[in-house]
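Whatever order the structure lists them in is the order used to number ligands and atoms, beginning at 1.
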Amino acid sequence: MFVDSHCHIDFPDFSEGLPVLLANMQAAQVDAALCVSVNLENFPRVLALAEAHANLFASVGVHPDHDEGREPGVDELVSLASHPRVVAIGETGLDYYRLQREEVDWQRARFRTHIRAARQAGKPLIIHTRNAAADTLAIMAEEGANQAGGVMHCFTESWEVAEAALAMGFYISFSGIVSFKSAKDLKEVARRVPLERMLIETDSPYLAPIPHRGKRNEPAYVRHVAEEIAGLRAIPLEQVAAATSKNFFDLFRAAI
Ligand SMILES: [Zn+2]
């Protein structure tokens, strides 16, 4: 019924092990999840999850906040993305929260590398942007990100940013943040984004939705994100579930 379009269940936070997480997903009617890569060192672990489970998928990429480890090249990303269980390139993008814009030329170069790889591999992008919306949209436009398509993950930006991403053919993914009382502007964006261009995610282990806020997140909780959106739009939960799941399988050309 539901799909978690973005999680990090390869992280050590999930010490109880995969069988428990998968059982919780099943109990919450969460049929599938995309396990998103944040660096090349842990990519084999992400891929192993997707190889072992028909309802788990993998991406390949290096997160903009990751400043240790190996820098990916276009050819390497394209080659890793050719694996049938790898359905996307990312997560990539820009993040000027921890490091200032002036300090991170390498983030912008890395972002361009990922977009070029996605275009070459013919796989969609998973884009992270924080305090960097203008640069993110500018680089997407310059590099022709619309030719790869993809998703603006864990969206927290304005309606104008959403509109610009939608115009480039991108999907908008909402996380548990949309359920927070303080997220008034974001709730308004979640009312306006067309249902046929919307995804839902947990970004677990981070950002648990209400009623689990402050605790460790997990894919089963994506259901609460769908409930929040159904409430905001005053439509049945089933409609949100059906649309966001169809969007997931369309965008990532995946099937279970
Ligand atoms: Zn993430």
Side-chain angles (χ1 to χ4, degrees), residues 2-14 21 25 30 32-47 49-50 56-69 72 77 80-81 86-99 104 107 110-111 114-115 117-118 123-133 136 140 145 150-157 161 165 170-180 183 186 198-209 212-213 215-222 224-225 244 248 251-252 254:
F2 306 98
V3 177
D4 182 0
S5 71
H6 191 117
C7 67
H8 301 286
I9 50 175
D10 59 307
F11 284 11
D13 308 70
F14 298 99
L21 292 179
M25 280 171 64
V30 177
L34 171 48
C35 191
V36 175
S37 166
V38 295
N39 60 49
L40 293 177
E41 290 71 26
N42 291 339
F43 170 69
R45 239 171 36 207
V46 172
L47 182 59
L49 289 170
L56 298 179
F57 301 92
S59 76
V60 64
V62 180
H63 193 288
D65 259 347
H66 191 71
D67 48 11
E68 307 146 7
L77 287 172
L80 294 172
V86 175
V87 299
I89 302 272
E91 61 183 286
T92 183
L94 301 175
D95 193 322
Y96 302 159
Y97 178 74
R98 192 167 55 90
L99 297 167
V104 289
Q107 270 193 11
R110 181 187 290 172
F111 186 26
H114 281 75
I115 298 173
K123 298 216 170 165
L125 287 153
I126 299 169
I127 295 185
H128 166 111
T129 183
R130 191 175 187 193
N131 291 10
T136 302
M140 285 168 70
V151 57
M152 306 301 286
H153 113 85
C154 195
F155 193 81
T156 54
E157 302 293 337
V161 174
F170 274 67
Y171 289 72
I172 306 291
S173 179
F174 293 97
S175 70
I177 294 177
V178 77
S179 72
F180 299 172
L186 187 61
M198 184 186 288
L199 294 178
I200 53 174
E201 65 172 83
T202 59
D203 204 12
S204 49
Y206 312 114
L207 299 169
H212 304 286
R213 188 171 180 181
K215 303 205 190 86
R216 193 210 60 191
N217 202 358
E218 62 174 84
Y221 297 168
V222 80
H224 301 298
V225 178
T244 53
F248 176 88
L251 173 62
F252 296 112

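Counting only heavy atoms from C-beta outward, the side chains of V36 and S59 approach each other to under 4.5 Å. Residues F155 and L186 meet the side-chain proximity criterion, which asks for heavy atoms closer than 4.5 Å. Residues V86 and L80 fail the side-chain proximity criterion, which asks for heavy atoms closer than 4.5 Å.
At least one N, O or S atom of H6, from either the backbone or the side chain, sits less than 2.8 Å from the Zn ion (ligand 1). Put simply, H153 stays out of reach of the Zn ion (ligand 1), with no N, O or S atom under 2.8 Å from it.
Take the N/O/S atoms of E91: the one nearest the Zn ion (ligand 1) is OE2. D203 has its closest N, O or S atom to the Zn ion (ligand 1) at the position named OD1.
For the ring pair (Phe, Tyr, Trp, His ring centres under 6.0 Å) criterion with H63, the lone passing option out of H8, H128, H6 is H128.
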